[in-house]
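I have placed the structure first, in the form of structure tokens, so that the comments after it can refer back to it.
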Amino acid sequence: MSLTIYNTLSRSKEDFKTLEPGKVRMYVCGPTVYAESHIGHAMSALVFDIVRRYLEYSGYDVNFVMNFTDVDDKIIAKANDLGRDPFELANQYINQYKANLDGLNVLPATKNPRATEDMPQIIEMISQLIRNKSAYQVDGDVYYSVESKPDYGKLSGRRLDTMNAGSRVQVDERKEHPMDFALWKSAKPGEPAWNSPWGKGRPGWHIECSAMNMAHLGEQIDIHGGGNDLIFPHHENEIAQTEAITHKTFATYWMHNGMLGLKSEKMSKSIGNMITIDQFLSEHPGDVMRLWVLNGSYRSPLTYSEEVIEQTEQTYHRLLNAKKPALPGAAGLPEDKATALKNAAEQARNAFKESMDDDFNTSAALAAIFELVRTLNQARSDGATEAQLLPAREAFKELTGVLGLQLEEQSGSANAADPFIDLLVSLRRDLRAEKNWALSDKLRDELKALGVTLEDSKDGTTWNWEQG
RNA sequence: GGCGACGUGGCCAAGCGGUAAGGCAAGAGUCUGCAAAACUCUCAUCAUGGGUUCAAAUCCCAUCGUCGCCUCCA
């Protein structure tokens with residue numbers, strides 16, 4: 001049993017083999033920071049966080065690089081509108097995005113390079129491309145020549161001759177081929193600019209990723225990821241640029257997540273139909289977003305609706321409830337049942353791995369976790385002790401952890417009130433003993449309103465802070 | 001127009017040739033003073049129409065529908 005990954009390049013699942021034994025070099029295209037990030041970005045970040053976590057769980061040492069595009073036309077335009085410094089603006093959105101990722105429990109990348117910090121590498125690559133005739137200079141601009149690369153289009157399955165047909169975009173007359181794209185753009189007055197052999201200017205969008213890959217991961221990487229809207233032209237062009245220099249396969253596996261949509265329309269910063277990550281996280285735990293992504297397959301589109309989020313919220317509670325302690329007066333399980341529980345834990349692990357090994361089938365992996373949850377709950381109802389529950393509990397914690405789920409009760413400052421709640425619960429116990437249902441129910445209702453949930457059972461009362 | 005993905009129960013969703021995982025919701029029951037949680041049981045023949053096969057949700061063709069890319073986009 002080994003990991004297979006769907007490779008956009010071959011449009012099929014392939015066995016996963018790393019360039020270097022035990023090590024994974026992975027690059028994911030981060031956002032262009034000209035606006036707040038939305039839950040579509042969150043989906044992408046979560047998908048690759050899960051990939052990264054599972055690779056690490058499988059024993060790989062993962063070098064995970066995610067970049068920030070911090071210089072670009074839109075950033076400049078927006079900064080001008082606001083009368084602000086573009087670098088400062090980019091910085092603000094970068095910090096916010098990092099905070100968002102943290103709120104989603106996305107592990108920090110090994111590195112977060114920025115375009116503006118790798119300028120020497122970018123200029124060096126462009127120079128090499130000009131030298132080997134893959135690029136040409138026109139005035140202060142530099143363009144990549146798509147015709148210089150015979151296999152241009154191999155990732156997206158496009159061919160130069162068929163692409164022209166539908167193109168109704170205004171083409172720059174100075175380009176040798178309409179599909180040629182900018183590696184270097186000469187600066188207009190007032191724009192941020194760097195010195196280069198071609199005059200003052202800034203890099204095109206695609207070259208920065210090639211350069212940052214080269215600078216931080218080397219000539220070849222194992223996995224390159226991003227949203228499937230990046231397949232063309234961005235990733236296609238990255239391949240063209242890098243391979244024109246190295247003459248080696250750039251990335252072995254190209255992984256692309258599906259788009260997240262709002263009412264069947266892609267969520268997009270430029271369209272303006274978006275729910276920001278901040279907005280989402282102010283209403284739901286990060287785990288809910290993650291669970292929503294895990295419920296489906298990363299390559300398929302996801303459509304936002306209140307109903308689906310509500311369902312996911314319920315699912316989340318089921319997972320939280322699985323963490324409840326053994327019943328207060330648990331008598332213990334007979335030996336054979338305790339053993340069965342232990343076996344169920346192992347089965348869950350195996351089913352989980354098998355699913356994840358199949359191109360990160362998180363939906364099936366979750367199913368394995370839910371089977372374990374049922375077994376766990378069954379055992380608890382049957383009176384298992386905490387010690388007997390332990391093996392299943394550990395497996396549960398391990399597997400949900402691999403998926404990046406936190407499943408933490410919201411406590412925080414609540415701890416300070418705990419003794420008082422214990423006191424109230426204890427008083428209520430006396431009321432119930434006297435069958436004073438009116439008062440004890442009132443107490444339960446009012447505590448509920450304060451965010452404390454009481455649950456009575458034959459053997460006593462347990463309570464929890466409101467979850468979610 | 002070109003390229004690609006998809007259409008599975010009320011909702012989300014797995015499955016990739018051998019007679020439909022899981023979650024939510026719903027109904028019945030157990031437990032309980034009640035409530036909550038949990039547990040048990042019930043709930044689909046896979047867009048439509050053809051075809052291939054001993055056997056198809058799974059392969060092929062057609063039709064209808066949805067979505068993405070082809071221009072900045074996770």
Side-chain angles (χ1 to χ4, degrees), chain A residues 8 11 13 28-32 34-35 37-48 66 69 72-74 153 156-159 161-170 179 205 225-234 236 256-261 264-271 291-292 294-297 299-303 305 307-322 324 327 351 355 358 361-371 373-374 376-382 432 435-438 440-441 444-445 448 453-458 462 464:
Chain A
T8 305
R11 302 197 186 272
K13 287 181 194 172
V28 174
C29 287
T32 300
Y34 71 93
S37 295
H38 54 68
I39 53 179
H41 297 102
M43 175 188 183
S44 190
L46 286 166
V47 162
F48 292 105
M66 189 196 72
T69 298
D72 134 293
D73 293 347
K74 284 184 184 157
S156 55
R158 290 159 209 266
R159 297 198 343 225
D161 49 350
T162 59
M163 272 191 284
N164 294 332
S167 172
R168 263 151 235 172
V169 189
Q170 200 89 36
M179 296 307 296
W205 176 39
N228 69 195
D229 56 346
L230 296 182
I231 294 173
F232 190 90
H234 187 56
E236 193 70 72
H256 294 98
N257 64 274
M259 291 294 99
L260 188 153
S264 311
E265 193 180 48
K266 179 183 151 187
M267 193 171 293
S268 163
K269 282 187 281 198
S270 47
I271 300 176
L291 212 40
W292 179 30
L294 287 167
N295 181 52
S297 110
R299 287 191 277 133
S300 300
L302 213 53
T303 305
S305 76
E307 188 187 7
V308 169
I309 299 304
E310 178 51 35
Q311 288 174 10
T312 309
E313 194 90 49
Q314 292 307 318
T315 303
Y316 169 63
H317 282 104
R318 180 167 172 78
L319 289 178
L320 281 180
N321 284 328
K324 286 187 178 168
L327 296 176
S355 301
D358 181 18
N361 187 338
T362 53
S363 182
L366 265 189
I369 289 175
F370 279 110
E371 308 249 347
V373 166
R374 190 183 311 107
L376 197 58
N377 287 337
Q378 274 167 349
R380 184 174 29 230
S381 324
D382 290 348
R432 293 184 70 224
K435 298 198 190 300
N436 188 338
W437 309 128
S440 66
D441 286 356
R444 185 174 58 198
D445 289 347
K448 174 84 179 169
T453 307
L454 301 196
E455 294 186 7
D456 298 322
S457 78
K458 212 184 314 184
T462 58
N464 277 300

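We name chains A, B, ... by the order of the sequence lines, and we start the count at 1 in each one. These numbers come from a predicted model, not from an experiment.
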Review point. Does the distance from a Lys or Arg side-chain N to an Asp or Glu carboxylate O, for A:Asp161 and A:Arg159, drop under 4.0 Å?
Key: yes
Practice item. Scan every strand shown for a Watson-Crick or G-U wobble partner of B:rU53, both distances under 3.5 Å, and answer none if you come up empty. Key: none
**Study point:** Same-atom distance (P) from B:rG7 to B:rC16, integer angstrom
**Key:** 14 Å
Practice item. Quick one: label A:Ser37 by what it contacts on the DNA or RNA (base, sugar-phosphate, nothing), any heavy atom closer than 4.0 Å. Key: nothing
Practice item. Mind checking A:Glu455 for me? I need base, sugar-phosphate or nothing, with any heavy atom below 4.0 Å counting as a touch. Key: base
Review point. If every non-hydrogen atom of A:Leu319 is compared with every non-hydrogen atom of A:Ile369, which pair is closest and at what distance?
Key: CD2-CG2, 4.1 Å
Check your understanding: From B:rC34, B:rU71, B:rA74, pick the nucleotide closest to the side chain of A:His38?
Key -> B:rA74
Check your understanding: Rounding to a whole Å, what distance do you find between A:Phe232:CZ and B:rG2:C1'?
Key -> 12 Å
Practice item. Have a look at A:Gly225 and say if it touches a base, only the backbone sugar-phosphate, or nothing, with a 4.0 Å heavy-atom cut-off. Key: nothing
Exercise for review: State plainly whether the residues A:Arg158 and A:Glu236 are in salt-bridge range, i.e. N to O under 4.0 Å.
Suggested key: no
Practice item. Write down the distance separating the P atoms in B:rG49 and B:rG9, rounded off to the nearest Å. Key: 15 Å
Point to revise | Closest to the A:Ser44 side chain, choosing from B:rA74, B:rG68, B:rG33 | key: B:rA74
Check your understanding: Quantified in whole Å, what is the P atom distance between nucleotide B:rG23 and nucleotide B:rC6?
Key -> 25 Å
Practice item. Between B:rC54 and B:rC3, how far apart are the P atoms? Round to whole Å, please. Key: 34 Å
Report, one pair per line, the protein and nucleotides 40-46 of chain B atoms (nitrogen or oxygen only) whose separation is under 3.5 Å.
residue: B:rU40; atom: OP1; partner: A:Gln378; partner atom: NE2; Å: 2.3

Point to revise | Heavy-atom pair of closest approach, residues A:Arg11 and A:Gly157 | key: NH2-N, 4.0 Å
Review point. Given the P atoms of B:rA14 and B:rA36, what is the spacing between them in whole Å?
Key: 32 Å
Exercise for review: Mark yes or no for a side-chain to base donor-acceptor pair under 3.5 Å between A:Arg444 and B:rA35, with no hydrogen or angle criteria applied.
Suggested key: yes
Exercise for review: Check whether any side-chain N or O of A:Asn377 sits under 4.0 Å from OP1 or OP2 of B:rC39, and answer yes or no.
Suggested key: yes
Check your understanding: Of the candidate nucleotides B:rC69, B:rA74, B:rG22, which contains the atom at the shortest distance from the side chain of A:Arg158?
Key -> B:rC69
**Study point:** Atom pair distance, as rounded to whole Å: CG in A:Leu376 and P in B:rA37
**Key:** 17 Å
Point to revise | Pair assignment for B:rG65, Watson-Crick or G-U wobble, requiring both distances under 3.5 Å | key: B:rC6
Revision key, fill the gap. note: A:Asp161, atom CG; B:rG1, atom C1'; distance rounded to Å ~ 14 Å
Review point. Is a donor-acceptor contact shorter than 3.5 angstrom present between the side chain of A:Asp441 and the base of B:rG33?
Key: yes
Review point. Mind checking the P distance from B:rC67 to B:rA35? Whole angstroms is fine.
Key: 45 Å
Check your understanding: B:rU71 P sits how many Å from A:Glu236 CD, rounded?
Key -> 13 Å
Practice item. Let me know, please, whether A:His234 or A:Arg11 comes out on the 5' side of the other along RNA chain B by nearest nucleotide. Key: A:Arg11
**Study point:** Closest approach of A:Pro31 to A:His41 (non-hydrogen atoms, all atoms of both residues)
**Key:** CB-CD2, 4.2 Å
Exercise for review: Report the distance from atom OH of A:Tyr316 to atom C1' of B:rG23, rounded to the nearest whole Å.
Suggested key: 16 Å
Review point. Under a 3.5 Å cut-off for both distances, is B:rA44 Watson-Crick or wobble paired, and to whom?
Key: none
Check your understanding: Would you say the side chain of A:Phe370 lies within less than 4.5 Å of the side chain of A:Thr315, judging by non-hydrogen atoms?
Key -> yes
Check your understanding: Between B:rC67 atom P and A:His256 atom NE2, what is the distance in whole Å?
Key -> 22 Å
Exercise for review: May I ask you to decide if A:Leu291's main-chain N or O and A:Asn295's side chain share a donor-acceptor pair within less than 3.5 Å?
Suggested key: no
Review point. Donor-acceptor pair, A:Ser44 side chain versus A:Gly40 backbone, under 3.5 Å?
Key: no
Check your understanding: Any idea which heavy atoms bring A:Arg299 and A:His256 closest together, and the distance?
Key -> CG-O, 3.7 Å
Review point. Once each nucleotide of nucleotides 24-29 of chain B is scored for protein heavy atoms under 4.0 Å, what B/S/- sequence comes out, 5' to 3'?
Key: BS----
Exercise for review: Could you give the distance separating B:rA37 and B:rC31 at their C1' atoms, to the nearest angstrom?
Suggested key: 11 Å
**Study point:** Pair assignment for B:rG1, Watson-Crick or G-U wobble, requiring both distances under 3.5 Å
**Key:** B:rC70
Can you name the atoms? Protein N/O to nucleotides 13-15 of chain B N/O, anything below 3.5 Å, with the distance.
residue: B:rA13; atom: O2'; partner: A:Asn295; partner atom: O; Å: 3.4
residue: B:rA13; atom: O2'; partner: A:Ser363; partner atom: OG; Å: 2.8
residue: B:rA14; atom: OP1; partner: A:Ser297; partner atom: N; Å: 3.3
residue: B:rA14; atom: O4'; partner: A:Ser363; partner atom: OG; Å: 3.4
residue: B:rA14; atom: O3'; partner: A:Asn361; partner atom: ND2; Å: 3.0
residue: B:rG15; atom: OP1; partner: A:Asn361; partner atom: ND2; Å: 3.0

**Study point:** Flag, side chain of A:Asn361 to backbone of A:Ala364, donor-acceptor distance under 3.5 Å
**Key:** yes
Check your understanding: Reckon A:Leu291 touches a base, only the sugar-phosphate, or nothing at all at heavy-atom distances under 4.0 Å?
Key -> nothing
Check your understanding: When only distance counts, do a donor and an acceptor, one from the side chain of A:Asp456 and one from the base of B:rC34, lie under 3.5 Å apart?
Key -> yes
Review point. To the nearest 0.5 Å, how far apart are CG in A:Asp382 and CZ in A:Arg380?
Key: 11.0 Å
Point to revise | Backbone N/O of A:Leu294 and side chain of A:Thr362: donor-acceptor pair under 3.5 Å | key: yes
Check your understanding: Does A:Arg159 make a side-chain donor-acceptor contact with the base of B:rG2, cut-off 3.5 Å?
Key -> no
Check your understanding: Which pair of non-hydrogen atoms, one from A:Met179 and one from A:Phe232, has the smallest distance, and what is that distance?
Key -> CE-CZ, 3.6 Å
Study note, to complete from the structure: To the nearest angstrom, the CD1-P distance between A:Ile231 and B:rC69 comes to 11 Å
Review point. Say you draw a straight line from CD of A:Gln314 to CD of A:Glu310; how long is it, rounded to the nearest 0.5 Å?
Key: 5.0 Å
Practice item. Return the nucleotide paired to B:rA38: Watson-Crick means purine N1 to pyrimidine N3 with N6-O4 or O6-N4, wobble means G-U with N1-O2 and O6-N3, both under 3.5 Å. Key: B:rU30
Exercise for review: Identify the nucleotide, in any strand shown, that forms a Watson-Crick or G-U wobble pair with B:rA21, with both distances under 3.5 Å; if there is none, say none.
Suggested key: none
Review point. Which value, in whole Å, describes the distance between the C1' atoms of nucleotides B:rU71 and B:rG17?
Key: 42 Å
Point to revise | Check ion pair A:Arg444-A:Asp441 (N to O, under 4.0 angstrom) | key: yes
Study note, to complete from the structure: To the nearest angstrom, the CG-P distance between A:Asp73 and B:rU71 comes to 16 Å
Check your understanding: Toward the 5' end of RNA chain B, which comes first, A:Ser381 or A:Trp292, by nearest nucleotide?
Key -> A:Trp292
